[in-house]
Amino acid sequence: MGDIIETLHPLERKVIPFLKDNITLTELCKKTKLKEVEVMRALQWLENKNILKIKKDIQEVITINPEYTKTTEKGLPEKRLLLALKKSSELNEIKKNADLDKNEFNISLGLLKRKKAISFENKRIMITKEGERLLKENFPEEDLFKKLPLNYSELNEKEKKYYNEFKNRHIILTSLRKDRYITLTDLGKKLIKKDIGKDLIDSLSPQIIKTKSWQNKKFRKYDVKLEVPKIYPGKRHFVNQATDYARKIWTEMGFEEMKGTLVNTSFWNFDALFTAQDHPVRELQDTFYIKNPKKGKLPAKKLVERIKKTHENGWKTKSTGWEYKWDEEEAKKNVLRTHTTVLSAQTLSKVNKSELPKKFFALGKCFRNETLDWSHLFEFNQTEGIVVDKDANFKHLLGYLREFFKKMGYPKIRFRPGYFPYTEPSVEGDVYDPVRKQWVELFGAGIFRPEVVVPLLGEDIPVLAWGPGFDRALTAYYNIKDLRNLYENDQKQLREIKLWLK
Amino acid sequence: MPTININRKVFEKLVGKKLPLEKLKDRISYLGTDLEEITKDEIIVEVFPNRPDMLSEQGFARAFSSFIGIKTGLRTYKVNKSNHKMIIDSSVKTVRPFTACCIIKNLNFNEEKIREIIQIQEKLHLTYGRKRKKVAIGIYPSEKIKYPITFKALPPEKIKFQPLEYPIELTGKQILEKHPKGKEYAHLLEGKTKYPLFVDANNQVLSMPPIINSENVGKITEKTKDVFIEVSGFDFKACKICLNILATTLADMGGKIYSMEINFGNKKETTPNLNPSKMKLNLDYINKRLGLNLKEKEAKKLLERMGYKYLNKTVLIPAYRADILHQVDLAEDIAIAYGYENFNEEIPNISTIGQEDPFEIFKRKISNLLVGLNLLEVSTYHILSEENHNQKMNYDADVITLDNPASTEYSVLRSWIVPSLMKILSENTHNEYPQNIFEISEVFIHNKKTETNVEEATRLAVVLCDKDANFTRIKQVFDALMRSLKLSYKIEETKHPSFIPGRVARISIKGKKVAYIGEVHPEVISNFDIKMPVACFELNLSDLFKFI
């Protein structure tokens, strides 16, 4: 018991003196002059301490009909009429003094007559003996008004009588309201008889420390198990937390970051990557084209000429090419980049061959013309790495892939043949999903075709390349089923989501 | 990518061996086809677009059978002479200049074969044919045709025949307006004054490619035994390869191939030509690329398992392969036969230095500082609606628009970030306040000086939304950022229609205007159905970075 007393919060202390069986929340608020939330908090804490039980009840609440608000200030209409009658017998005077409208006047007149408080004699209104008595008594039912709003259960017998009368006259309104009331436990019954004391230190203040007044006082004990209100830290967006991690992996593996714009000419996004001009991926339903400015500029003539010839007849690449007529205007069309591979192409056109071998990576947003749904985004993150190395080969590609995905958190992966217009051989990578017990496609990879490398780099040097779709890889970690949730920016989700801990 | 449904019984018969389920699944994946589903009766696989020859039971089984070592090496197909001709009239030159064709006899159609043939035709149209734009295929019962056939073009109103699955005769124009296939493919003949037509010696219309066959001469039934096949298009080589794929597939169904002579007036050519093409193989190059050390004999065996023949350092490539442009394509097939799972993976010991882009590092430092100020980072799309970007902001930016947006909701590239963040706030009015958020991302502005005529800048937008979000609070955030970067700035009152007059400013650093800051106008706030004050700034980080 002593322990409990020491833990009592100031709010609990304010409530305890008024506790008794069946007292309602409303009554407690009135008595303690605390806000309802404060009383409720105190009651819940006390319930946790097994002092009381909170029960729900439906109460009939009585309030004044707003049409009769005058009544609270000036008294009941019939009282006002009676007083006015006493003062004067002149009808206009009476009406003025009573301050009643026509309707109220008539009702009050009828009422007083029924109560035999007045009588009509020779068309004059007279106050009867009963009327005099009422005036003397000063209409005790009026007191009920001053107490409103009240719960019906709080009325005494007499008040219940008045209540019925008022209700019939529509002076008061009633409504049902859910209320809470309490019952005390045995422990509670004991507690309310105890002296709960007042001299405990609640919050430690600079004043208390300065004056050392704590020395001869006790600290109120806290209930350390109590829930506290939530606070939220500032946070990086969870996708960006993960992209930062991918950057770390790439740099650890010796890769240098490539950067570039999101809007690119088709030349870089497609043609430089040996994607035929009639390839379906270049169609409007796959790629976002820009309306204004519709076209951009082509790079140096020499490079454009090489790409053109490579497409048309293979140029010096020893390929047959696509054997069609390459259209410069098609290559000028601006698109939102569909893959980060555009950066690889641009990098290859700039790289200094004397500095090889080199490794590069890219990470950023790419775009596909998709209608948003749970498994498709029109804007998504992709990451990509290339290794430019005269001695690189297919075995190295698989080695790098294994290592990269191990670091990304996929210890079990497998490689199978794939197809991309710009790589040969091409690889599709599956990761093993231990929950669904099956292989799930995660990334594409390959060695760039000579038709890509030779025009850009001037020489047939193997370039290993791979690019996992990044967003899909995140969903498992964050337990997100609908891809749209990645960029929904729901504040609650952003505040509550788990940190990226890799 | 296209999927094909394969009848398992037909498939196993064609392959010549029945594999246990797990092995079958495994081998299909390692051949380079995505296994979608496998049931008792059916196999559904996704075929990569470089292998149109595998878009049928026959083609897939042929490749698979070689791969698992049952029927390896180059398949030869006998081509007989039919003595029938195809006459190309000069009128098709600008409409649809080429066709390759042949006759397949002895097919003895049944329901299953009709299904197979419809499937391969559909899949080839969709992929290799680029939805009939590049090539279109027609298959007709040969017995109804009086040879020779003429390929010519006529004005649409002069064309009249009963199209397939249609009750009455229609003109060329009406077909495009009324027939379901006509409506679907009308765009392929758009703007043409003449439409192409195959007509036989009795002047019967066979079809109007690439739209529809005729009901009378263009319908395969279970009574059909021999078929005439044509592939028309703009690229003769593509037409011929497509015909080769069809002819070999139908031969694998049991048909006999008969060639036809195509008469272009000034030149003649006989199709199909199923002679293999040749490519020199440089084994050193292949070994270097794959990291293997294959001997000639081993390479020969692996090539045979992919359906090639190897002779005198030369690879003979089957006439149905459309994808062999360069030796690297052979390298891949050798790798597939070798087995991707059999390569010894290795990481070469080369030293390179990892380096993050310095601007990315800068962005991260800024983000971390803002997180320390209790701000929540958001990540929004670069694309939004013009309504959100301009109208709701009371603003009239000259935005860059998409040519083919998926919806008006996402149709313009933003020129500032604040509208995206206002949209986020409008979608979060049910959540707890304060909602103090920021984003670092790209914006797009017209600029004739760049390669694309678009300039992209990286900006930081900070938006405070709370009952006491005001100019002082947002300026405090800005000021804290500048103090941390040890940059001094000049701030001057300005006008901006999205902000409250007298509470918006332009900020410059070293004479360069880098940011707007202010309290958002209540009209703008209401336009987004937000009920809380909003204060924000947007700062050009690309410019700022130059001062660091």
Side-chain angles (χ1 to χ4, degrees), chain A residues 234-237 239-240 244 247 251-257 259 261-265 278 280 284 288-293 296-297 318-320 323 334 357-359 369 371 378-379 389 393-396 398-400 402-403 415-417 419 424-425 447 449-450 462 487 489-492 494, chain B residues 29-30 32 48-50 130 134 235 237 288-291 325-326 328-329 331-332 335-336 340 343-348 350 352-357 360 364 367 371-383 400-404 406 410 424 428 431 435 442 444 451-454 456:
Chain A
K235 259 191 204 175
R236 298 293 310 277
H237 190 274
V239 173
N240 293 345
D244 271 351
R247 279 202 170 80
T251 50
E252 275 173 6
M253 289 175 72
F255 286 71
E256 202 176 303
E257 187 162 10
K259 292 278 288 177
T261 55
L262 302 175
V263 177
N264 287 275
T265 57
D278 73 340
L284 292 170
F288 281 125
Y289 284 85
I290 308 294
K291 191 178 197 173
N292 68 333
K297 308 170 187 92
K318 296 178 188 146
S319 165
T320 61
E323 299 176 80
N334 278 329
K358 278 217 156 223
K359 301 177 196 156
N369 194 350
T371 304
F378 58 76
E379 190 175 330
D389 176 8
N393 63 43
F394 193 61
K395 288 202 305 207
H396 300 156
L398 303 184
Y400 280 119
R402 175 89 52 200
E403 180 69 15
F415 308 119
R416 31 182 198 92
Y419 170 73
E424 197 80 3
I447 305 178
R449 298 186 66 101
Y487 303 110
N489 295 297
D490 181 78
Q491 299 292 294
K492 191 162 187 279
L494 294 181
Chain B
S29 291
Y30 280 102
F48 291 131
N50 61 331
R130 306 277 194 263
K134 193 175 179 185
D235 176 344
K237 190 188 165 204
K288 193 167 181 298
R289 197 167 179 95
L290 298 181
L325 309 179
H326 190 280
V328 288
D329 296 303
E332 179 177 79
I336 292 172
Y340 277 29
F343 281 86
N344 289 320
E345 299 155 17
E346 56 181 72
I347 294 189
I350 57 170
T352 53
I353 292 158
Q355 174 65 55
E356 249 185 291
D357 183 77
E360 287 300 322
R364 179 157 62 242
S367 298
V371 162
L373 291 171
N374 232 3
L375 293 159
L376 205 52
E377 188 184 30
V378 297
S379 180
T380 62
Y381 301 119
H382 293 83
I383 311 172
I400 292 164
T401 50
L402 292 180
D403 198 22
N404 54 331
Y410 302 102
I424 296 301
N428 274 283
N431 278 320
Q435 293 178 11
E442 294 72 34
F444 306 81
E451 186 179 46
T452 53
N453 299 318
V454 175
E456 288 176 28

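We name chains A, B, ... by the order of the sequence lines, and we start the count at 1 in each one.
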Output the option from [options] having the highest count of non-hydrogen pairs under 4.5 Å with chain B.
{"options": "A:Thr371, A:Val239, A:Asn369", "result": "A:Asn369"}
{"options": "A:Pro357, A:Gly296, A:Pro425, A:Pro280", "result": "A:Pro425"}
{"options": "A:Asp490, A:Thr265, A:Asn264", "result": "A:Asp490"}
{"options": "A:Glu424, A:Glu256, A:Lys297", "result": "A:Glu424"}

Is it the backbone or the side chain of A:Asn240 that comes under 4.5 Å from a heavy atom of chain B, or both, or neither?
side chain
Please look at A:Lys358 and chain B and tell me whether the side chain, the backbone, both or neither of the residue comes under 4.5 angstrom of a heavy atom of that chain.
backbone
I'd like to know which of [options] tops the heavy-atom pair count under 4.5 Å against chain A.
{"options": "B:His326, B:Lys288, B:Gln435", "answer": "B:His326"}
{"options": "B:Thr401, B:Ile400, B:Asn453, B:Asp235", "answer": "B:Thr401"}
{"options": "B:Ala331, B:Gly372, B:Pro49", "answer": "B:Pro49"}

Checking the side chain of [X] only, and the main-chain atoms of [Y] only, is there a donor and an acceptor separated by less than 3.5 Å?
{"X": "B:Asp357", "Y": "A:Glu257", "answer": "no"}
{"X": "A:Lys359", "Y": "A:Met253", "answer": "yes"}
{"X": "B:Arg130", "Y": "A:Asp278", "answer": "yes"}
{"X": "B:Asn344", "Y": "A:Lys395", "answer": "no"}
{"X": "A:Asn489", "Y": "B:Ser379", "answer": "yes"}
{"X": "B:Asn428", "Y": "A:Gln491", "answer": "yes"}

Measure [X] against the heavy atoms of chain A and call it side chain, backbone, both or neither at under 4.5 Å.
{"X": "B:Leu373", "answer": "neither"}
{"X": "B:Glu356", "answer": "both"}
{"X": "B:Ile350", "answer": "both"}
{"X": "B:Glu346", "answer": "both"}
{"X": "B:Lys237", "answer": "side chain"}
{"X": "B:Ile424", "answer": "side chain"}

Could you check whether the rings of A:Phe394 and B:Tyr340 sit parallel, tilted or perpendicular, using 30° and 60° as the cut-offs?
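Taking B:Tyr340 first and then A:Phe394, their aromatic rings stand perpendicular (interplane angle over 60°).
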Do the rings of A:Phe255 and A:Tyr400 sit parallel, tilted or perpendicular, given the 30° and 60° boundaries?
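Rings of A:Phe255 and A:Tyr400: perpendicular, over 60°.
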Working to the nearest 0.5 Å, report the span between CD1 of A:Ile290 and CG of A:Asn334.
6.0 Å
Salt bridge flag under 4.0 Å for residues B:Asp329 and A:Arg449
yes
